[in-house]
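Everything below concerns the one structure shown next.
Atom set for the values below is all heavy atoms of this structure, side chains included, hydrogens, waters and symmetry mates excluded. Reminder, nothing fancy here: chain letters follow the sequence lines and each chain counts from 1. As the structure is a prediction and not an experimental result, all values here were calculated from the model.
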Amino acid sequence: MGRWRRPRQAHGRRQRDRRTHRGDRDMATQLRTHRAAETAGTEHGTVVTLGGWVARTRDMGGVVFFDLRDASGKVQVVADPDSVPGLEELRMEYCVRVVGELRPRPEGTQNHDLETGLVEVHATELEVLSTSETLPFMIDDRFDVDELTRLQYRYLDFRRDGMASNLRARSHATAAIRAALVAQEFLEVETPTLIASTPEGARDMLVPSRLRQGSFYALPQSPQIFKQLLMVGGIDRYFQFARCYRDEDFRSDRQLEFTQLDLEGAFWGEEDVRATVEVAIVAATQAVRDVTPATPFPVFTWQEVMDRYGIDKPDIRFGMELKNLSTVFDGTAFRGFGAALEGGGVVYGINGGALGLSRKGFDELTETAKSHGAAGLVWAVVEDDGSLRSPVAKFLSDEEQAALKSGLDASVGDTLLVVAGPWRTTVEVLGHLRAQLGTPADPDELAYLWVVDFPVFEETADGGLAPAHHPFTQPHSLEDMKERPAVALSHAYDLVLNGTELGSGSVRIHDSETQSEVFDVLGIAPEEAERRFGWFLQALRFGTPPHAGFAFGMDRLVAILVGATSIRDVIPFPKTQRGVDPLTGSPNPVEPDQLDELGLDLSAATKAALSADDA
RNA sequence: GGGGGCGUGGUGAAGCCAGGAGUUCACGCCAGCCUGUCAAGCUGGAGGUCGCGGGUUCGAAUCCCGUCGUCCCCGCCA
């Protein structure tokens, strides 16, 4: 151990300092003996010293109450202004130290909404440790505050119960995962955050090099290659809470920098990965929610979730599954369906339940469907007499209407939504509608699931094929990949929770021969592969063990576990949608000298924009 | 890159559609009263360039155009 010793803070008891017992009143003064929440279990009559913030003052004239809040909770302090100087000057969020006797509250004045509501501290001494300016917002979750203001004063936001408990939840989840993995003999290994840029994937965050001007580091989008090198190096089981960086546009569940639990194991296949990730997820869920999700999590193939839910990250807390109605409309007179079927397409539908939509509502749904690529949307409402009210009812035979109703298990009042077209587009359109219309019966339910057997390629906007995962993913079959790329599958898998993709992983390619061939099929020329990944291909030539791994987003996981609508609520200092930290003002322009040192010069347009901002 | 919501004393909102004096509500702030409150209560007070710029109008927080900020969504995120 070094010579720095930290006072032990566990259970709120500060390690006793010997000098206090000698009666020193200077630096050795014990600033507090108890934390606020501990007063509930402390013997009446004890003289306690508390340190914390003035949450609320209630000045009755002859007697003053205030709530003293610290990290553990709150306790009421009561005092007589004649005997305790400074009491009437107290304002919200003053930081104070209070000495007083712990007493039971008089009969009838207990506060059962407060954990410490049966006691109160009768103050004999009050010291204002520091005062507070008028607050920009109330330290009280009952008041909604604009998020920008919260971010500008994030340190005050932390004093509010919501953020404080989110930060605790995150810490507990992290600690639980670490403990669970260490118990399974995983090694926590750090990997660099200044690495080489590779063009594929998300946009890299770049850091200019001073020692090699004109060259740049990239911040990692993930520790992918490094953890594979650890496997080559015989580390066997690796994990890391890895900060990752992707310079793409923001969403409520996306930030420039985010944290993944990254793990990898040697001599592993898919089942080993799933079992281990489940251990980590269960540990985190228990730590935050105090519930134990059933394991193993359900496993779906990609094909199955697309066909049943129209999305690769389904929320299965509610039904409303997609149904293939193609056979129902085989030979139909309705051209909207008939043309799609004749063109090799499909007809799928969902039962939206009792939506009670107006004509305008249906128009909006139709717009949604079209914006996701549908030619149109057919809707039908089951009337009291069992007939269908629909713009296209007159084109559908009685048999087709009956089969539509039975195919979607429709009851009176249900709204049926039907889309026709190419399979992929059709299911995705319905998947969006399902996600928009469906509501889980129990919003607290946690529905974890695996999606496996992703395709190797996915279709791009211009009809071409692009790799769906990173190029180190093991395909099911190299032959399929070459000969039937559109349907070839890979050993890639996702973990999904309540309609959110938590993370993904894969079985990796572990020999350079296969890796080279995959690069080739992915359209990366041998020379290019050698130039960019030569060192990695070289590493694979030294007896690489089969290995597989996973990474999931801690921000997303904790956000869902605590019920936050945005990961910003579980990130201490997040950035706004424009990538700005309103508290510190990052990113900011730098001095010309700094740029010179890096061999950089800003474009004329950028300089002009900067000086315009200054003016 | 595109679509949408929002921007009004320190804070949160209403006012905007249908133009007529910075009007209102709650919290906070300042002063006073009050001995059992706990989002204390009562009385009084201070505090705003209605994000910014332009336009329409006799007159703009309100209508129009632009711009900035923020949030949500599409694209993007191997």
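Residue A/His34 forms a side chain to side chain contact (heavy atoms under 4.5 Å, CB included) with just one option from A/Thr46, A/Val75, A/Asp70, and that option is A/Thr46. Of the candidates A/His547, A/Arg508, A/Glu264, A/Gln228 forms a side-chain hydrogen bond (donor to acceptor under 3.5 Å, both in side chains) with just one, namely A/His547.
Comparing the P positions of B/A21 and B/U62 gives a spacing of 14 Å, expressed to the nearest Å. Comparing B/A26 with B/C73, their C1' atoms sit 32 Å apart, to the nearest whole Å. Taking atom C1' in both B/C17 and B/C64, the straight-line distance is 15 Å, to the nearest Å. To the nearest whole angstrom, the two P atoms, one in B/A18 and one in B/G54, are 26 Å apart. Comparing the P positions of B/C33 and B/C50 gives an interatomic distance of 37 Å, to the nearest angstrom. If you take atom C1' in B/U70 and the same atom in B/U43, they sit 40 Å apart, rounded to whole Å. Taking atom P on both B/G3 and B/C65, the two are 13 Å apart, rounded to the nearest angstrom. Comparing B/G19 with B/U57, their P atoms are spaced 16 Å from each other, to the whole Å.
B/G75 atom C1' lies 20 Å from atom NZ of A/Lys370, rounded to whole Å. Put simply, CZ on A/Arg578 is 20 Å from P on B/G51, counting in whole angstrom units. One interatomic measurement links the two molecules: CG of A/Asp146 to P of B/G69, which rounds to 15 Å at whole-angstrom precision. Whole-Å rounding puts the A/Glu89 CD to B/A31 C1' distance at 13 Å. Rounded to an integer number of Å, the gap from CG of A/Leu156 to P of B/C27 is 21 Å. Rounded to an integer number of Å, the gap from CZ of A/Arg150 to C1' of B/U70 is 13 Å. Between the CZ atom of A/Arg254 and the P atom of B/C77 there is a distance of 9 Å, rounded to whole Å. With rounding to whole Å, A/Met92 atom CE is found 16 Å from B/G10 atom P.
Heavy atoms of A/Thr149 sit under 4.0 angstrom from primed sugar atoms or phosphate atoms, though from no base atom. Residue contacts shown for A/Glu120 include a base, since a base heavy atom lies under 4.0 Å away. If you check every strand for non-hydrogen atoms under 4.0 Å, A/Pro106 touches a base. Residue A/Glu93 is classed as having no contact, given no heavy-atom separation below 4.0 Å to the nucleic acid.
Residue-to-nucleotide proximity on RNA chain B shows that, of A/Gln577 and A/Ala468, the 5′-proximal contact is made by A/Gln577. If you find the closest nucleotide of RNA chain B to A/Arg56 and to A/Phe250, the one lying nearer the 5' end belongs to A/Arg56.
Using modelled atom types, one side-chain atom of A/Thr426 and one backbone atom of A/Gly421 make a donor-acceptor pair closer than 3.5 Å. Without hydrogens or angle criteria, A/Asp204 side chain to A/Leu206 main chain gives no donor-acceptor distance under 3.5 Å. With hydrogens and angles ignored, the 3.5 Å screen pairs no side-chain donor or acceptor of A/Ser506 with any backbone N or O of A/Ala492.
Aromatic pair A/Phe533/A/Phe472: centroids less than 6.0 angstrom apart. If you look at A/Phe573 and A/Phe158, their ring centroids are closer than 6.0 Å.
In the set B/U35, B/C38, B/G28, the nucleotide with an atom closest to the side chain of A/Met138 is B/G28. Nearest to the side chain of A/Phe65, among B/C29, B/G36, B/U70, sits B/G36. Closest to the side chain of A/Phe143, out of B/C38, B/C71, B/A39, is B/A39. Side-chain proximity of A/His372 to the nucleotides B/G1, B/C74, B/A78 is greatest for B/C74. With distances taken from any side-chain atom of A/Gln76 to the nucleotides B/G10, B/C38, B/A78, the minimum falls on B/C38. Checked against B/C77, B/C74, B/C29, the side chain of A/Glu248 finds its nearest nucleotide in B/C77.
Looking only at atom types and distance, the side chain of A/His122 has a donor-acceptor partner in the side chain of A/Glu120 under 3.5 Å away. In the model, A/Asp262 has a side-chain atom that pairs as donor or acceptor with a side-chain atom of A/Tyr238 under 3.5 Å.
Here A/Arg69 pairs with A/Glu93 under the side chain to side chain donor-acceptor pair (under 3.5 Å) rule; sequence neighbours left out. Partners of A/His476 according to the ring pair (Phe, Tyr, Trp, His ring centres under 6.0 Å) rule, which considers only residues two or more places apart in sequence or in another chain, are A/His491. Under the rule for a side chain to side chain contact (heavy atoms under 4.5 Å, CB included), the partners of A/Arg243 that lie at least two apart in sequence or sit in another chain are A/Tyr245, A/Glu257, A/Thr259. Partners of A/Glu428 according to the side chain to side chain contact (heavy atoms under 4.5 Å, CB included) rule, which considers only residues two or more places apart in sequence or in another chain, are A/Met306, A/Arg424.
Considering only side-chain N and O atoms, A/Arg58 lies nowhere under 4.0 angstrom from the phosphate OP1 or OP2 of B/G36. The shortest distance between the side-chain N/O atoms of A/Thr198 and the OP1/OP2 oxygens of B/A78 is not below 4.0 Å. For B/A78, the OP1/OP2 oxygens have a side-chain nitrogen or oxygen of A/Arg246 closer than 4.0 Å. An OP1 or OP2 oxygen of B/C76 is reached within less than 4.0 angstrom by no side-chain nitrogen or oxygen of A/Arg251. Under 4.0 angstrom from either OP1 or OP2 of B/C72 there lies at least one side-chain N or O belonging to A/Arg568. A close approach under 4.0 Å does not occur between any side-chain nitrogen or oxygen of A/Thr576 and OP1 or OP2 of B/G69.
A donor N or O paired with an acceptor N or O is found under 3.5 Å between the base of B/C38 and the side-chain atoms of A/Asn111.
Under the Watson-Crick or G-U wobble criterion, with both distances below 3.5 Å, B/G22 has no partner in any strand shown. Nucleotide B/C6 is matched to B/G69 when pairs are restricted to Watson-Crick or G-U wobble geometry with both distances under 3.5 angstrom. Across all strands shown, B/U49 forms no Watson-Crick or G-U wobble pair with both key distances under 3.5 Å. Taking a pair to require two hydrogen-bonding distances under 3.5 Å in either a Watson-Crick or a G-U wobble arrangement, B/A39 remains unpaired. Judged by Watson-Crick or G-U wobble contacts below 3.5 Å, the nucleotide B/G44 has B/C30 as its partner. Searching all strands for a Watson-Crick or G-U wobble partner of B/C63 with both distances below 3.5 Å returns B/G55.
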Polar atom pairs between nucleotides 32-34 of chain B and protein, under 3.5 Å, N or O only, would you list them?
{"residue": "B/C34", "atom": "N3", "partner": "A/Asp59", "partner atom": "O", "Å": "3.1"}
{"residue": "B/C34", "atom": "N3", "partner": "A/Gly61", "partner atom": "N", "Å": "3.4"}

What protein N or O atoms touch nucleotides 42-47 of chain B N or O atoms at under 3.5 angstrom, if any, and at what distances?
none

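Between A/Arg246 and A/Glu248, no side-chain nitrogen of the basic residue sits less than 4.0 Å from a carboxylate oxygen of the acidic one, so the salt-bridge criterion is not met.
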